[in-house]
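Down below is the structure, laid out as structure tokens.
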Amino acid sequence: MPKIEVFPNGLKVYQDESGYKFTSDAIELAKFCKIKGKDNVLELCAGSGVIGFYCYDKKPFNSLTFCEIQKENCEIIQKNISLNNLDDATKVINLNLKDLKSDFEYDVVICNPPYFKNEGKHSNNYKIDISRREVECEFIDIAKKISQLLKFGGKCFIVHTAMRTAEIITTLKQFNLIVKRIKFLYGKNKAESVLIEAVKGANDGCVVEV
């Protein structure tokens, strides 16, 4: 059953109470994103679309496309589009991102992917399982798709578990996505998550933010 979350800035977003709920990592990624008004933006692994909606609420941009594998989440995204009066600027695609194709290249790609490899103990709730684990796609699939759909010089913004930082950076570079900016999100004793900005075709050189 969808429930409305209301943010301090007034943004309202439905999320599925029976599925995977977005966390503070999603909001931190939205705050980390740098998007221009002319940009065409794609959000992969969109969930309820909270990152894209939060970014658009900060500063409107040209267009926002959501790609999400779960039909129920796509229906919630559509509710959120209507809730925030964004019908003219948005599009929802119900598809495994590995099968996504586009007639044009995006300026920005945003992604909050599954953090964990498809191994170990799984959840009894499949909707939660495919949101947390690489059941339907692995990070290498995501990096490859971002590179295919992002224009040269375009930016991607990703949040992931900090323990896979080295793997994420290496995989992105394999597809000509060069990490330019990193920020770690800390728990009590260590970094738990990492925010990454990568640019397609950029030169090496990275800033670590605090």
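- Shown here is Lys180, whose NZ atom has more than 12 heavy atoms of other residues, nucleotides or ligands within 6.0 Å.
- Between Leu172 and Ala143, the shortest heavy-atom contact is CD2-CB, 4.1 Å.
- In this structure, SG in Cys55 is found 11.5 Å from CZ in Phe32, a value given to the nearest 0.5 Å.
- Hydrophobic clustering (side-chain heavy atoms under 4.5 Å, transitive across Ile, Leu, Val, Met, Phe, Trp, Tyr) groups Tyr106 together with Leu44.
- Atom CD of Glu134 is separated from atom CD1 of Ile142 by 6.5 Å, given to the nearest 0.5 angstrom.
- Atom NZ of Lys127 is surrounded by more than 12 heavy atoms from other residues, nucleotides or ligands within 6.0 Å.
- Each of Phe139 and Ile130 belongs to its own hydrophobic cluster when Ile, Leu, Val, Met, Phe, Trp and Tyr are linked at side-chain heavy-atom distances under 4.5 angstrom.
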Quiz: residues 97-105 side-chain donor-acceptor pairs under 3.5 angstrom, not counting sequence neighbours:
unit_1	atom_1	unit_2	atom_2	d
Lys98	NZ	Glu136	O	3.2
Ser102	OG	Phe104	N	3.2
Ser102	OG	Phe104	O	2.7

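- The pair Glu209-Lys31 does not meet the salt-bridge criterion, since no charged nitrogen lies less than 4.0 angstrom from a carboxylate oxygen.
- Side-chain atoms of Asp204 and Ile178, non-hydrogen and from C-beta on, do get closer than 4.5 Å to each other.
- Residue-environment remark: NZ (Lys12) stays at or below the threshold of 12 foreign heavy atoms within 6.0 Å.
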Which atom pairs, one a donor and one an acceptor, fall under 3.5 Å between side chains of residues 148-156 and the rest of the protein, sequence neighbours left out?
unit_1	atom_1	unit_2	atom_2	d
Gln148	OE1	Lys145	NZ	2.9
Lys151	NZ	Asp107	OD1	2.7

Begin with the C-alpha distance, continue with both residues' side-chain angles, and end with the deciding distance and a verdict on side chain to side chain contact (heavy atoms under 4.5 Å, CB included) for Gln174 and Ser147. CA-CA 10 Å; Gln174 180 181 340; Ser147 185; over 6 Å; no
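- Gln15 contributes a side-chain N or O that, together with a main-chain N or O of Phe22, makes up a donor-acceptor pair within less than 3.5 Å.
- If you chain together hydrophobic residues whose side chains sit under 4.5 Å apart, Ile158 and Val179 fall into the same group.
- Between atom CD of residue Glu5 and atom CD1 of residue Ile27 there is a gap of 9.0 Å, rounded to the nearest 0.5 Å.
- To the nearest 0.5 Å, atom CG of residue Leu177 and atom CD1 of residue Ile169 are 12.5 Å apart.
- At distances below 3.5 Å, not a single donor-acceptor pair connects side-chain atoms of Arg132 with backbone N or O atoms of Phe116.
- Between Val13 and Leu83, the shortest heavy-atom distance links the atoms N-CD2, 4.1 Å.
- Heavy-atom minimum distance, Gly187 versus Glu192: N-CG, 3.5 Å.
- In this structure a side-chain-to-backbone donor-acceptor pair under 3.5 Å is present from Thr165 to Ala162.
- Residues Ser48 and Asn80 share a closest heavy-atom pair of O-ND2, 2.9 Å.
- Side chain of Glu68 to main chain of Asn73: no donor-acceptor pair is present (N/O by atom type, distance under 3.5 Å, no hydrogens or angles).
- Heavy atoms from other residues, nucleotides or ligands lying under 6.0 Å from NZ of Lys183 number 12 at most.
- Annotation for Asn9: atom CG counts as buried by contact number, over 12 foreign heavy atoms lying within 6.0 Å.
- Other residues, nucleotides and ligands contribute at most 12 non-hydrogen atoms within 6.0 Å of the CG atom of Asp88.
- Note that NZ of Lys36 is 8.5 Å distant from NZ of Lys59, once rounded to the nearest 0.5 Å.
- In terms of heavy-atom proximity, Phe66 sits nearest to Leu64 at CZ-CD2, 3.3 Å.
- Linking ILVMFWY side-chain heavy atoms closer than 4.5 Å, directly or via other members, places Ile4 and Phe7 in two distinct hydrophobic clusters.
- Without hydrogens or angle criteria, Asp39 side chain to Val41 main chain gives no donor-acceptor distance under 3.5 Å.
- A distance of 6.5 Å separates OG1 of Thr90 from CD of Gln78, quoted to the nearest 0.5 Å.
- For the pair Glu167 and Thr170, the minimum side-chain heavy-atom distance is 4.5 Å or more.
- The two atoms that bring Gly52 and Phe61 nearest to each other are O-CZ, 4.2 Å, heavy atoms only.
- Under a hydrophobic-cluster definition in which Ile, Leu, Val, Met, Phe, Trp and Tyr are linked whenever side-chain heavy atoms come within less than 4.5 Å, directly or via other members, Tyr54 and Ile81 are assigned to the same cluster.
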Give the intermediate values and the outcome of side chain to side chain contact (heavy atoms under 4.5 Å, CB included) for residues Val194 and Ile196. CA-CA 6 Å; Val194 61; Ile196 291 175; 3.9 Å; yes
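- Within a 6.0 Å sphere centred on NZ of Lys190, other residues, nucleotides and ligands contribute 12 heavy atoms or fewer.
- For Glu197, the side-chain hydrogen bond (donor to acceptor under 3.5 Å, both in side chains) criterion is met by Arg181, not counting sequence neighbours.
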Between Ile35 and Ile110, does a side chain to side chain contact (heavy atoms under 4.5 Å, CB included) hold up when you go through it step by step? CA-CA 10 Å; Ile35 302 174; Ile110 303 167; 4.1 Å; yes
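- Judged purely by distance below 3.5 Å, without hydrogens or angles, the side chains of Asp25 and Tyr115 pair a donor atom with an acceptor atom.
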Side chain to side chain contact (heavy atoms under 4.5 Å, CB included) evaluation trace for Phe53 with Leu86: CA-CA 9 Å; Phe53 289 118; Leu86 295 177; 3.6 Å; yes
